[in-house]
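Input: a single structure, listed below in structure tokens.
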Amino acid sequence: MTEETKSLNFIEHIIEEDLTNGMPKEQLRFRFPPEPNGYLHIGHTKAIGISFGLGEKYGAPVNLRFDDTNPAKEEQEYVDAIKRDIAWLGYKWANECYSSDYFQQLYDWAVQMIKDGKAYVDSQSSEAMATQKGTPTSVGTNSPYRNRSVEENLDLFQRMKNGEFEAGTHVLRAKIDMEDPNMLMRDPIMYRIMYAHHHRTGNDWCIYPMYDWTHGESDYIEQISHSLCSLEFKPHRKLYDWFKDNVYQYSKNAYPLQPKQREFARLNLSYTIMSKRKLLQLVEEKVVSGWDDPRMPTISGLRRRGYTPAAIRKFVETVGVAKRENVIDVSLLEFCIREDLNKTANRVMAVLDPVKLIITNYPEDKVEWLEAENNPENATAGSHKVPFSRELYIEREDFKEEANSKYFRLSLGREVRLKNAYIIKGESVVKDQQGNITEIHCSYDMDSLSGSGTEASLRKVKGTLHWVSVAHAEKAEVRVYDRLFSDEAPDSHKDKDFMEFINPNSLTIVHAFIEPYLKEAVVGDRFQFQRLGYFCVDEDSTDEKLIFNKTVGLRDTWAKQKPKPTQNQPKQSNNQHQRPPIEEIKQLGKKYTNLPEAKQEAAKKKILELAEKISYADLEPLFATATKKTGTRIATAISLAVLLKNGQERTEAIQDFIEKAKEDKNDLLVNEVKNL
RNA sequence: UGGCCUAUGGUGUAACUGGCAACACGUCUGAUUUUGGUUCAGAAGAGUCUAGGUUCGAGCCCUAGUAGGCCAACCA
């Protein structure tokens, strides 16, 4: 057993506390409650990971509950997609539930509440009700219908249910408090009239319950112990509890456990959006090919892009759970998928931007089938054969006529290795009339075959190139993706619509040459194209034509050397050199008290030097340093001594500072000022 | 004129009230390498939003302030 002492997140702390306070472990029960009005995205995987993860951790059931109370927006297609995605992620739900299954129970409770004077039928327009509701900063006023008799309310509600009224003419409201600072408590609507076909209940109902009423009571009916949702529902908690307390009075025998809602910060990912409404817009306006377009942050998009469930789960686990707003850098997601694929994806060779390479001293009709290791990270992965011949394709980027010593690839007169094959040397180039290179001629060292063990084969050369034999090359379409948005937070700009940040070059279609081994590949297979990245076979592939999606590139430290056009430059400027001396003094002071003695000496020396270069005006603000920042005060004292020695007049501020320092508990500080 | 929530390296998350604030990503060095990948070794980067207070001792508790987020759908 590897008993990991992993630190707990705040939700786990709450659960642990409940457990130690006597809640039986068997009572633990969670739920994931999507509304079937769109596809799940990477943000949802956090919520899924939290609730299902807790279920796995505590061996507790987790219900998948579709919150289907708005037939106008919800569809069976979404139900199916959601189930598919959760299952693909590898989670198992205990029960497949629907809020619509509880409509009758909810209705009965609502009648009960009317009888108890806790709910009433309002018959105003939505505008009138909105006005009466007030604003966050001003209280609301009571509806003129607020004091209808129980009998009238019962009659009206019954008739609402019977379909006797037009949509929009009446609603059922909870009678709470129109002056509550929490607007959700200002007589929230429980039911509205709606003549719409529901994907499960058909036309059985013409009144539909609202979210707050339905969601909390669904938790209660399912006896969910911890109802976990995102931060924006925090204000709903008060109402959640109000409804729960009332209903509990009616049903405590049947449903003894009262659920507890807790909220966490949702996941945001840089360079993308996470709103279902906006994702739907991308789909509807055909900016992308569908919900599962590989550029979409949806689970189905990521799946098609080549992401694995393991990588996504690792990602969600790594980002953690807390209550503050956050934006996760996509580089973390990319790290997770690379880490997984590096261990599992077979290596193959493919050339995306080909130029012909001719080995002039290799026989014209000779073909060798060379051994290629499938995965150096996995000894059991085996190997496959790759054909080698006189004419090959290599990557255009892998050749330069002249190159400096930093360039490890092929150039004239220099040697490189062809992966799994021979060492070659650049000899000459053939160009067309425009000066474009059409052929590169080279010679090969016939004794240098990879793995042959000869002295020549063991020679160290600076670079290794991937290649594909021209005669044996298969063609394939490769879809190379860039981020969908050019802005780090496309929907965070008040003055600009997120659509303005769409990256016009988010998809590039490349016609590539691939080694014949790949002919066998089937939809969903994942490979590492050596030196390029990870790719997977897209479902658009046919028997005649293979199509690959680029999942993610390899880490590329070489690309970083070159000036890159992207906006992802490191922001940290190297301002160490030009930092004003006073800043350096502050920095040294910062750690002063924590340093071991020897380093303290060194720091002091440095401060003494720097202090020669500062003025009184620089130092004066530091006299006000907070008492507890002892280090800075010491640095200030040391510097002050230098100024005084150099003839600085004793101002009142100086005197105050010295006096106060002399009374400090810290001996280091006292020592510095006692002789001033 | 309001209510609620949050604030820790560039990013995300930790830290039993107590040893130089930990981990991951990212960044930078170096080594290894038939992938400029992987792996390995190392470095830089934080006075825990500010100011007070309680305490022998505060990232953590209290007060005030500042900044950001959420709240006015017959949506969820």
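Letters A, B, ... are given to chains in the order of the sequence lines, protein chains preceding strands, and every chain is numbered from 1. Basis for what follows: all heavy atoms, side chains included, without hydrogens, waters or symmetry-related copies.
Listed by chain and number, the residues in a side-chain hydrogen bond (donor to acceptor under 3.5 Å, both in side chains) with Gln530(A) amount to none (sequence neighbours excluded). By the side-chain hydrogen bond (donor to acceptor under 3.5 Å, both in side chains) test, Asp177(A) pairs with no residue at all, sequence neighbours left out. Glu217(A) is linked by a side-chain hydrogen bond (donor to acceptor under 3.5 Å, both in side chains) to nothing, counting only residues two or more places apart in sequence or in another chain. For Asp491(A), the salt bridge (Lys or Arg N to Asp or Glu O under 4.0 Å) partners are Lys278(A), not counting sequence neighbours. With sequence neighbours excluded, the residues satisfying salt bridge (Lys or Arg N to Asp or Glu O under 4.0 Å) with Arg266(A) are Glu232(A).
U55(B) and A72(B) have their C1' atoms separated by 45 Å, with the value rounded to a whole Å.
Picking from A72(B), U13(B), G36(B) the nucleotide with the shortest atom distance to the side chain of Thr135(A) gives A72(B). Closest to the side chain of Ser331(A), from the set C25(B), U27(B), U35(B), is C25(B).
Between Tyr444(A) and Tyr422(A), the ring planes are perpendicular. Angles over 60° get that label, and only those under 30° would be called parallel.
Neither OP1 nor OP2 of U33(B) sits under 4.0 Å from any side-chain N or O of Thr464(A). Close to C75(B), at under 4.0 Å from its OP1 or OP2, lies a side-chain N or O of Arg192(A). Using a 4.0 Å cut-off, some side-chain N or O of His13(A) falls inside it from OP1 or OP2 of A15(B). Side-chain nitrogen and oxygen atoms of Lys462(A) include none within less than 4.0 Å of the OP1 or OP2 phosphate oxygen of G36(B). Dashed line: the shortest gap from a side-chain N or O of Arg186(A) to OP1 or OP2 of A72(B) is not under 4.0 Å.
Rounded to whole angstrom, the span from the CZ atom of Arg531(A) across to the C1' atom of U33(B) amounts to 14 Å. The interatomic distance linking Asn326(A) (CG) with C25(B) (C1') rounds to 14 Å, in whole Å.
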Check the interface with nucleotides 3-7 of chain B: list each N/O to N/O pair with the protein under 3.5 Å, or write none.
none

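Residue-level contact check: Val171(A) touches the bases, meaning some heavy atom is under 4.0 Å from a base atom. Nucleic acid contact class of His236(A) (heavy atoms, under 4.0 Å, all strands): base.
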